[in-house]
Amino acid sequence: MSEIKVRFAPSPTGFMHIGNTRTALFNWLLAKKLGGKFMLRIDDTDFARSKKEYEDAMRESLKWLGFEWSEEARQSARFARYDALRDKLIAQGRIYPCYDTPEELQIKRKRAMAKGMAPIYDRQALHYTQEDIAKFEAEGRKPHYRFKLNPGIIEWEDIVRGHCQYDAEKLSDPIIIREDGSYLYHFPSCIDDSDFGITHIVRGEDHVTNTAAQIQMFEAIGGKVPTFAHLPLLTGVEGKLSKRLGSLGVRELRAEGVEALAICSFLAKLGTSDAIEPYYSLDELAQSLDFAKLGRSQPKFDEEELKHFNTKFVRSMPYEAVKNRVNVSEEFWNEVRPNLNVVDDIKLWADICHKEVTPVMEDTTLTDLAASVLPPEPWNENTFNEWLNIVKRQSGKKGKELFHPIRKALTALDNGPELKTLLPLIGYEKAYKRLKGETA
RNA sequence: GGUCCCAUCGUCUAGUGGUUAGGACGCGGCCCUCUCAAGGCUGCAACACGAGUUCAAAUCUCGUUGGGAUCACCA
């Protein structure tokens, strides 16, 4: 039994977004669950659009999300390998040159569709004469190359889609090398998957048709065909949410206070029959992974829903998960947590308890009274109730009229955690001064 | 248009011939309560359409409609 290995292969042509993240997540989770390895592969064959900046940002996002990788490769460093295989397959006639221009291909495609025919490449290039080629070269045209699909039924068992099959005759020979000699996605990807021993490929279902062609490619280069899992694509309110159009960046989400694990919990469960609920460790999420629970239709991704889920996530976040990021005690965290929107909000409450607050005075008669009967420390758990009972009795106020002015004086805010929990944290000195209207 | 896939509450889904069509999120109400949260209880709400098979169809078959993917010198 060979070792399980998956890969995440972004092209550094943009920032990490929700679509990317979902693919990376499922791969990472699968590796984790099966005890396999997760590899990062930079698919930078497109010189024109690949940028170091994007690559760095991608790494940073991956780390933030918690997807550690144990191995890394970059396609631009492997051209010699691709070239060797290319030459071999050209010699075999499996890869062949074509001289059509993009415009010509476009026209052919349109014409075929208009006639109700399949818009697949007509393989005219297979019938070029010496004269044709001489003529193209004389015109200064450079060839691009296609991979020749062998006729027959191509089939595989997909982890999420079950048995899949395509008739090669109905597919177009994929272009794998551009006119300028640079490689397109398919060919290098298959070579790498084969060379690096990738056992499982988890990706969006926009790749299903590609899979048929790639299976023949794996065979042509003498590689082992991996197991595939094609995830239904996410859709948004405005239709599809492809990885290209995916506009919701991970960095933006992070800046807004959305937790990495909230994103992961949400994406891992969206479209499954499991409830979307907080997971506070990726390991635990991985154990719950089950492709059989994935639906086959395309779930809607709603940013608002994610944000909503995130606040729920934060409000029940265990101290263990935040103790390295926040500067408060476990008790403080647990008391204030249900009132937070984002983790950073904890600072607000820490400041209210420990730094200066300018009180808002609503009923000085009441707050003066409250200050005068505020018992000296040490306090115990009953102090607050005892104190408030005295204020209540002597003022004749109760309910909101009683609590609200005290809350405003103590915290300057309309709402927040229970005053009972806040008071001991504020302490006698600050509490007394604030009740008297002084900044403290 | 060829090929492939999909269709159950607003959303994500369970369901594999006989169910009061279940759950989760959201939404409404109630309780708790000084507030906002949190928590507890409760309610509303769905089988795209049309034929067929069958004693019986959300479930099987065919068709229709509606979505999506792909057919790129993007990945």
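Atoms considered below: every heavy atom in the structure, side chains included; atoms not considered: hydrogens, waters and symmetry mates. In the text below, chain A, chain B and the rest are named by the order of the sequence lines, each starting its count at 1.
With sequence neighbours left out, A/Asp132 forms a salt bridge (charged side-chain N to carboxylate O under 4.0 Å, His left out) with no residue at all. With sequence neighbours excluded, no residue forms a side-chain hydrogen bond (donor to acceptor under 3.5 Å, both in side chains) with A/Arg251. By the side chain to side chain contact (heavy atoms under 4.5 Å, CB included) test, A/Ile107 pairs with A/Arg111, sequence neighbours left out. Residues satisfying the side chain to side chain contact (heavy atoms under 4.5 Å, CB included) criterion with A/Pro119, sequence neighbours excluded, are A/Arg109, A/Met113. For A/Glu331, the side chain to side chain contact (heavy atoms under 4.5 Å, CB included) partners are A/Ser329, not counting sequence neighbours. Take A/Glu55 and apply the salt bridge (charged side-chain N to carboxylate O under 4.0 Å, His left out) test, not counting sequence neighbours, and it matches A/Arg59, A/Arg74. Not counting sequence neighbours, the partners of A/Glu330 by the side chain to side chain contact (heavy atoms under 4.5 Å, CB included) test are A/Tyr319, A/Asn334.
Straight-line distance between the C1' atoms of B/C47 and B/C12: roughly 16 Å, to the nearest whole Å. B/G50 and B/G26 have their P atoms separated by 34 Å, given to the nearest Å. Across the P atoms, B/G23 and B/C60 are found 23 Å apart, a figure rounded to whole Å. Rounded to the nearest Å, the gap between the C1' atom of B/A21 and that of B/C44 is 16 Å.
Of the residues in residues 211-220 of chain A, none lies under 4.0 Å from RNA chain B by heavy-atom distance. Of the residues in residues 154-165 of chain A, those lying under 4.0 Å from RNA chain B by heavy-atom distance are A/Arg161.
The two residues A/Ala229 and A/Val160 have their closest heavy-atom pair at CB-CG1, 3.9 Å. A/Lys108 approaches A/Asp100 most closely through the heavy-atom pair NZ-OD2, 3.1 Å. Closest approach of A/Asn415 to A/Trp349, counting heavy atoms only: O-CH2, 3.4 Å. Nearest heavy-atom pair across A/Asn20 and A/Phe15 is ND2-O, 3.8 Å.
Residue A/Thr45 has its side chain nearest to B/A75 when only B/C73, B/A75, B/U3 are considered. When each of B/C73, B/G1, B/U70 is scored by its nearest atom to the side-chain atoms of A/His144, the top-ranked nucleotide is B/C73. Set against B/G2, B/G26, B/C74, the side chain of A/Arg178 has B/C74 as its closest nucleotide. Residue A/Ser172 has its side chain nearest to B/A72 when only B/C73, B/A72, B/A75 are considered. Taking the side chain of A/Ile120 as heavy atoms from C-beta on, and the options B/A75, B/G26, B/C71, the nearest nucleotide is B/C71.
Under the 3.5 Å distance criterion, with hydrogens and angles disregarded, no donor-acceptor pair is assigned to the side chains of A/Asn310 and A/Glu259. In this model, no donor atom of one side chain and acceptor atom of the other lie less than 3.5 Å apart for A/Thr411 and A/Arg407.
Pair assignment for B/U11 gives B/A24, based on Watson-Crick or G-U wobble hydrogen-bonding distances that are each under 3.5 Å. Base pairing annotation: B/A56 forms no Watson-Crick or G-U wobble pair, as no partner gives both donor-acceptor distances under 3.5 Å.
When rounded to the nearest whole Å, the span between OH of A/Tyr121 and C1' of B/C71 equals 15 Å. When rounded to the nearest whole Å, the span between CD1 of A/Ile42 and P of B/A75 equals 14 Å. Atom pair A/Tyr96:OH and B/C73:C1' shows a separation of 14 Å (rounding to whole Å applied). A/Leu233 places its CG atom 17 Å from the P atom of B/A75, with the value rounded to the nearest Å. Distance A/Met16 CE to B/A75 P: 18 Å, rounded to the nearest Å. Between the OH atom of A/Tyr185 and the C1' atom of B/U70 there is a distance of 13 Å, rounded to whole Å.
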Reading 5' to 3' through nucleotides 6-15 of chain B, protein heavy-atom contacts under 4.0 Å coded B for base, S for sugar-phosphate only, - for none: S----SSSS-

Reading 5' to 3' through nucleotides 32-43 of chain B, protein heavy-atom contacts under 4.0 Å coded B for base, S for sugar-phosphate only, - for none: --BBBBS-----

Throw together a table of side-chain donor-acceptor distances under 3.5 angstrom for residues 285-296 of chain A, partners on residues two or more places apart or in other chains.
residue: A/Ser288; atom: OG; partner: A/Lys269; partner atom: NZ; Å: 2.8
residue: A/Ser288; atom: OG; partner: A/Leu285; partner atom: O; Å: 2.7
residue: A/Asp290; atom: OD1; partner: A/Ala292; partner atom: N; Å: 3.0
residue: A/Lys293; atom: NZ; partner: A/Asp274; partner atom: OD1; Å: 3.1
residue: A/Arg296; atom: NH2; partner: A/Arg161; partner atom: O; Å: 3.3

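Here A/His207 lies parallel enough and close enough to stack on the base of B/A75, with planes under 30° and ring centres under 5.5 Å apart.
Ring geometry, A/Phe79 versus A/Phe47: the interplanar angle exceeds 60°, so the pair is classed perpendicular (tilted spans 30 to 60°).
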